[in-house]
Protein chains: 2
Amino acid sequence: MGATKTDHFTDRQNQIAIIAKALGHPARIAIIDYLLKVNSCICGDIVNELPLAQPTISQHLKELKNAGLIKGSIEGNSICYCIDEKTFDILKDYFSKIITTVTNQKCC
Amino acid sequence: MGATKTDHFTDRQNQIAIIAKALGHPARIAIIDYLLKVNSCICGDIVNELPLAQPTISQHLKELKNAGLIKGSIEGNSICYCIDEKTFDILKDYFSKIITTVTNQKCC
DNA sequence: AATGTTTATCGTAATATTACAATATAGATA
DNA sequence: TATCTATATTGTAATATTACGATAAACATT
């Protein structure tokens, strides 16, 4: 017990959940906010910007990358992380659809 | 150690993270999907619909409710759960803003 | 080559989440 | 009121997440 029963849900449900989960931590939202603000980014910057140790930030960046929310390219001896909008589109579409459907419902 | 350092982040960052986190489990996405499908709902239905025990579903419903994603009204001896679109709007607006910003960036 | 800088990984302690059996609670119905 | 039905709560085991010190890896610079 304790582990999520991934195989009982559809691929789409798992996909949405994985992306949402990656955004389910304020440090990761703060990283996204910072990436938007600076328009381009080096991880070291984030370490100075956030109240977390370097290994913790590296771990959060990894999760955002695994979820497809950011992509990183090697830039000399540091790494440039950027937002990957395709993945954000998936979520936006999902929410848009929900809102449209609910608006047409007469319930509760 | 181990606990999220909530007070180091902005209220808005925490708010987005809490909502996203609530959607970060496939069972909860499945519940949202089901609520959309049936247009109105009783918890018992969900228990028959999902491969999870009744207490587990009750727990997931509680989390969705705490995050403001659904609302429940007592309906005789059962409970009618519905989607609360206001909260989905918050996320949709957040993602829309991200996508607009990123599209105008020339990075990586 | 030695040193410095930047980022990742390992190990691990603290905490949180997930799932469910057992049980409680609340309202409906007999 | 006794019983049934629907949902919530409690307790707890299994697992996952979060945070960070220590260390490694990769590249740059001296």
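- Atom CG of A:N48 is surrounded by more than 12 heavy atoms from other residues, nucleotides or ligands within 6.0 Å.
- Using a 4.0 Å heavy-atom criterion, one finds that A:I57 contacts no nucleic acid atom at all.
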Evaluate A:I90 against A:Y94 for side chain to side chain contact (heavy atoms under 4.5 Å, CB included), listing each step before the verdict. CA-CA 6 Å; A:I90 293 172; A:Y94 178 70; 5.7 Å; no
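- For A:A3, taking side-chain heavy atoms from C-beta onward, the closest of the listed nucleotides D:dA8, D:dT15, D:dC20 is D:dT15.
- For A:T56, the side-chain atoms get nearest to D:dA19 when compared with the rest of C:dC20, C:dT15, D:dA19.
- What separates CG of B:N14 from P of D:dT18 is a distance of 13 Å, to the nearest Å.
- Atom P of nucleotide C:dT6 and atom CG of A:L61 are separated by 15 Å, given to the nearest angstrom.
- You'll find the side chain of B:L91 reaches within 4.5 Å of the side chain of B:L23, heavy atoms only.
- One atom, CG of A:L52, and another, C1' of C:dT7, lie 16 Å apart when rounded to the nearest Å.
- Atom pair B:D7:CG and D:dA19:C1' shows a separation of 14 Å (rounding to whole Å applied).
- With DNA chain D read from its 5' end, the first of the two nearest nucleotides for A:T4 and A:H60 is the one closest to A:T4.
- You'll find the side chain of B:I31 stays beyond 4.5 Å of the side chain of B:Y81, heavy atoms only.
- Using a 4.0 Å heavy-atom distance criterion, A:K21 is classed as a sugar-phosphate-only contact.
- To the nearest angstrom, P of D:dA19 lies 7 Å from NZ of B:K5.
- Here C:dA8 presents its P atom at 12 Å from CG of A:L64, a figure rounded to the nearest Å.
- Minimum interatomic distance between B:R28 and B:A22 (heavy atoms only, all atoms of both residues): NE-O, 2.6 Å.
- Among D:dT18, D:dA16, C:dA8, the nucleotide with an atom closest to any side-chain atom of A:Y81 is C:dA8.
- Where B:D45 and A:A27 each meet DNA chain D at their nearest nucleotide, the meeting point lying more 5' is that of B:D45.
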Classify every nucleotide of nucleotides 22-30 of chain C by which part a protein heavy atom approaches to under 4.0 Å, writing B for the base, S for the sugar-phosphate alone and - for neither, in 5'-to-3' order. B----BS--
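- Put simply, the side chain of B:I83 reaches to within 4.5 Å of the side chain of B:F88, judged on heavy atoms.
- The CG atom of B:L50 sits 13 Å away from the P atom of D:dT7 (whole-angstrom rounding).
- Residue A:K62 has no polar side-chain atom (N or O) positioned under 4.0 Å from OP1 or OP2 of C:dT7.
- Within the 4.0 Å cut-off from OP1 or OP2 of C:dT6, not a single side-chain nitrogen or oxygen of A:S78 is found.
- Under the 30°/60° scheme for interplanar angles, the aromatic rings of B:F9 and A:H25 are found to stand perpendicular.
- For A:N48 and C:dT5, the CG to C1' distance is 13 Å, given to the nearest whole Å.
- Between the side chain of A:Q59 and the base of C:dA8, no donor-acceptor pair of N or O atoms lies under 3.5 Å.
- Taken from NZ in A:K92 to CD in A:E85, the straight-line distance is 10.0 Å, to the nearest 0.5 Å.
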